[in-house]
Enquirer: 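Okay, handing you the structure first.
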Amino acid sequence: MDPMTQSAQISSSQGFADGQNSAAKESKLSDSFLSSSPVSLIQSPQVKDLIHWRDPKKSGVVFGLTMLLLLSLAAFSVISVVSYLLLALLCVTITFRIYKSVVQAVQKSSEGHPFKALIDKDVSIPPETFRKHVDASLTYINRALKQMSRLFLVEDLVDSLKLAVVMWLLTYVGAVFNGITILILADILLFAVPPIYEKNKTQIDQYIDLVRTQVNTTIAKLQEKLPGAVKRSKAE
């Protein structure tokens, strides 16, 4: 075989292999990010059991604590809430430490520090885990920047108009609610909607399908009438 041809084939094979490795790495990073994303967290079995009230006591405790935290943030500053929480934690640990010391002195026992098992526990973050999450976050950030560039530079007129409508609606939401209020409503909906949906799944799915059909029909008509709109069907 001609040396020049053989060299070109080797170079082409290496380029193809590098492309495959890069794609595999990006897919792996994307999967890693998705596995730690809020959507994946909500879909985990433990969270599903909480928001579907499988164990009413556990779900009630979690809902009550999150609601108490959000209401505290609505009434006080973040610094005050964090300071009070840390102060309460210190009061509990110091009181327990003194109590155990008194008990040991009275009983003349040598059990040692009550939190020794927790003190000896390694709480450091491995560098590999940190780098993995940083790389996964970077992949997500790059995708978000690319999407923002596509929307704000009007690559697809219909998508940019959708974003404009959403931003316009959010101006009215922002005039009525602040961020903490929205989080409180989201917390209530997170624990209230899943059980209701589970009980009335068939009827709700029918209404959702009707709304989705109407929305898709309206968007299709807009894509036909608006000048410069990039139709995905042609692009595909």
Enquirer: Quick check: is L86 connected to V78 through a chain of hydrophobic side chains (ILVMFWY, heavy atoms under 4.5 Å apart)?
Expert: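 As far as the 4.5 Å side-chain criterion goes, L86 and V78 are connected within one cluster.
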Enquirer: Would you compute the distance between atom OG1 of T213 and atom CD1 of I208 and round it to the nearest 0.5 angstrom?
Expert: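 Separation between the atoms: 11.5 Å.
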Enquirer: If you group Ile, Leu, Val, Met, Phe, Trp and Tyr whenever their side-chain heavy atoms sit less than 4.5 Å apart, what else falls in with V92?
Expert: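 Joined to V92, directly or through intermediates: none.
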Enquirer: Give every residue pair that meets the salt bridge (charged side-chain N to carboxylate O under 4.0 Å, His left out) criterion with at least one member in residues 182-198, sequence neighbours excluded.
Expert: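 Pairs touching residues 182-198 that pass the test: R54-E198.
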Enquirer: Can you measure from CG (D209) to CD1 (I204) and round to the nearest 0.5 angstrom?
Expert: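 Going from CG on D209 over to CD1 on I204, the span is 12.0 Å.
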Enquirer: Report the C-alpha separation of I119 and K116 in whole Å, then their side-chain angles, then the decisive distance to 0.1 Å, and conclude whether the side-chain contact (heavy atoms from CB on, under 4.5 Å) test is met.
Expert: CA-CA 5 Å; I119 292 174; K116 182 173 175 54; 5.5 Å; no
Enquirer: Identify each donor-acceptor pair in which a side-chain atom of residues 175-186 lies under 3.5 Å from a protein atom, sequence neighbours left out, and give them as a table.
Expert:
{"from": "N178", "atom 1": "OD1", "to": "I180", "atom 2": "N", "distance (Å)": "3.3"}
{"from": "N178", "atom 1": "OD1", "to": "T181", "atom 2": "N", "distance (Å)": "2.8"}
{"from": "N178", "atom 1": "OD1", "to": "T181", "atom 2": "OG1", "distance (Å)": "2.6"}

Enquirer: Under a 3.5 Å distance rule, please check whether S149 uses its side chain to pair with a backbone N or O of L145 as donor and acceptor.
Expert: no
Enquirer: Where do L169 and V173 land on the side-chain contact (heavy atoms from CB on, under 4.5 Å) test, with the steps shown first?
Expert: CA-CA 7 Å; L169 293 175; V173 174; 5.5 Å; no
Enquirer: Could I get the full list of side chain to side chain donor-acceptor pair (under 3.5 Å) partners for D122, not counting sequence neighbours?
Expert: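 Checked D122 against side chain to side chain donor-acceptor pair (under 3.5 Å); matches are S124.
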Enquirer: Partners of S77 by side chain to side chain donor-acceptor pair (under 3.5 Å), sequence neighbours excluded?
Expert: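 Partners of S77 under the side chain to side chain donor-acceptor pair (under 3.5 Å) test: S80.
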Enquirer: Going by ring-ring contact (aromatic ring centres under 6.0 Å, His included), name the pairs with one or both residues in residues 69-107, residues two or more places apart or in two chains.
Expert: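 Found F96-F115.
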Enquirer: Quick check: are there more than 12 heavy atoms from other residues, nucleotides or ligands sitting under 6.0 Å from CE of M148?
Expert: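 No, CE of M148 has 12 or fewer neighbouring heavy atoms, counting only those of other groups under 6.0 Å.
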Enquirer: List, by chain and number, the other hydrophobic cluster members for L189, where Ile, Leu, Val, Met, Phe, Trp and Tyr join if side-chain heavy atoms come within less than 4.5 Å, directly or indirectly.
Expert: V193
Enquirer: Between T171 and M167, does the side-chain contact (heavy atoms from CB on, under 4.5 Å) criterion hold? Intermediate values first, please.
Expert: CA-CA 6 Å; T171 60; M167 294 299 104; 5.8 Å; no
Enquirer: Working to the nearest 0.5 Å, report the span between CG of L163 and CZ of R150.
Expert: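 L163 atom CG to R150 atom CZ measures 10.0 Å (nearest 0.5 Å).
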Enquirer: How long is the straight-line distance from CG of L157 back to CG of L151, given to the nearest 0.5 Å?
Expert: 11.5 Å
Enquirer: List in chain and number order the residues that pass side chain to side chain donor-acceptor pair (under 3.5 Å) with Y197, two or more places apart in sequence or in another chain; answer none if no residue qualifies.
Expert: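 Listed in chain order: D205.
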Enquirer: About how many Å separate OG of S59 and CG of L50, when rounded to the nearest 0.5 Å?
Expert: 5.0 Å
Enquirer: Do the side chains of F152 and V166 join up, straight or via other hydrophobic residues, at under 4.5 Å, putting them in one cluster?
Expert: yes
Enquirer: Just how far is it from atom NZ of K121 to atom CG of L118, taken to the nearest 0.5 Å?
Expert: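 Here the interatomic distance stands at 7.0 Å.
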Enquirer: Look at the side-chain heavy atoms of Ile, Leu, Val, Met, Phe, Trp and Tyr, link any pair under 4.5 Å apart, and say whether V61 and L69 land in one connected group.
Expert: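 Unlinked, V61 and L69 end up in two clusters.
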Enquirer: Which residues pass the side chain to side chain donor-acceptor pair (under 3.5 Å) test with K57, sequence neighbours left out?
Expert: none
Enquirer: Residues two or more places apart in sequence or in another chain: which of them pass ring pair (Phe, Tyr, Trp, His ring centres under 6.0 Å) with Y172?
Expert: W168
Enquirer: Heavy atoms, side chains only, cut-off 4.5 Å: are D55 and D49 in contact?
Expert: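 Contact flag for D55/D49 side chains = no.
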Enquirer: For the CD1 atom on I79, are there more than 12 heavy atoms of other groups (residues, nucleotides or ligands in this structure) within a distance under 6.0 Å?
Expert: no
Enquirer: Evaluate the criterion side-chain contact (heavy atoms from CB on, under 4.5 Å) for residue pair D135 and T139; output intermediate values, then yes/no.
Expert: CA-CA 6 Å; D135 291 341; T139 300; 5.6 Å; no
Enquirer: Does any non-hydrogen side-chain atom of L210 lie less than 4.5 Å from one of Q214?
Expert: no
Enquirer: Do any pairs count as a salt bridge (charged side-chain N to carboxylate O under 4.0 Å, His left out) and have a residue in residues 86-102, sequence neighbours left out, and if so which ones?
Expert: K100-E111
Enquirer: Could you list who else is in V134's hydrophobic cluster, with ILVMFWY side chains joined at under 4.5 Å, directly or through other members?
Expert: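 Noted: V134 shares its cluster with I125, F130.
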Enquirer: If two hydrophobic side chains count as joined below 4.5 Å and joins carry through other members, does L85 share a cluster with F63?
Expert: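 In one cluster: yes.
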Enquirer: Would you confirm whether W53, through its side chain, and F191, through its main-chain N or O, come within 3.5 Å as a donor-acceptor pair?
Expert: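 Confirmed, W53 side chain pairs with F191 backbone.
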Enquirer: What about V215 and V158, same hydrophobic cluster or not, with Ile/Leu/Val/Met/Phe/Trp/Tyr joined at side-chain heavy-atom distances under 4.5 Å?
Expert: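 Yes, one cluster joins them.
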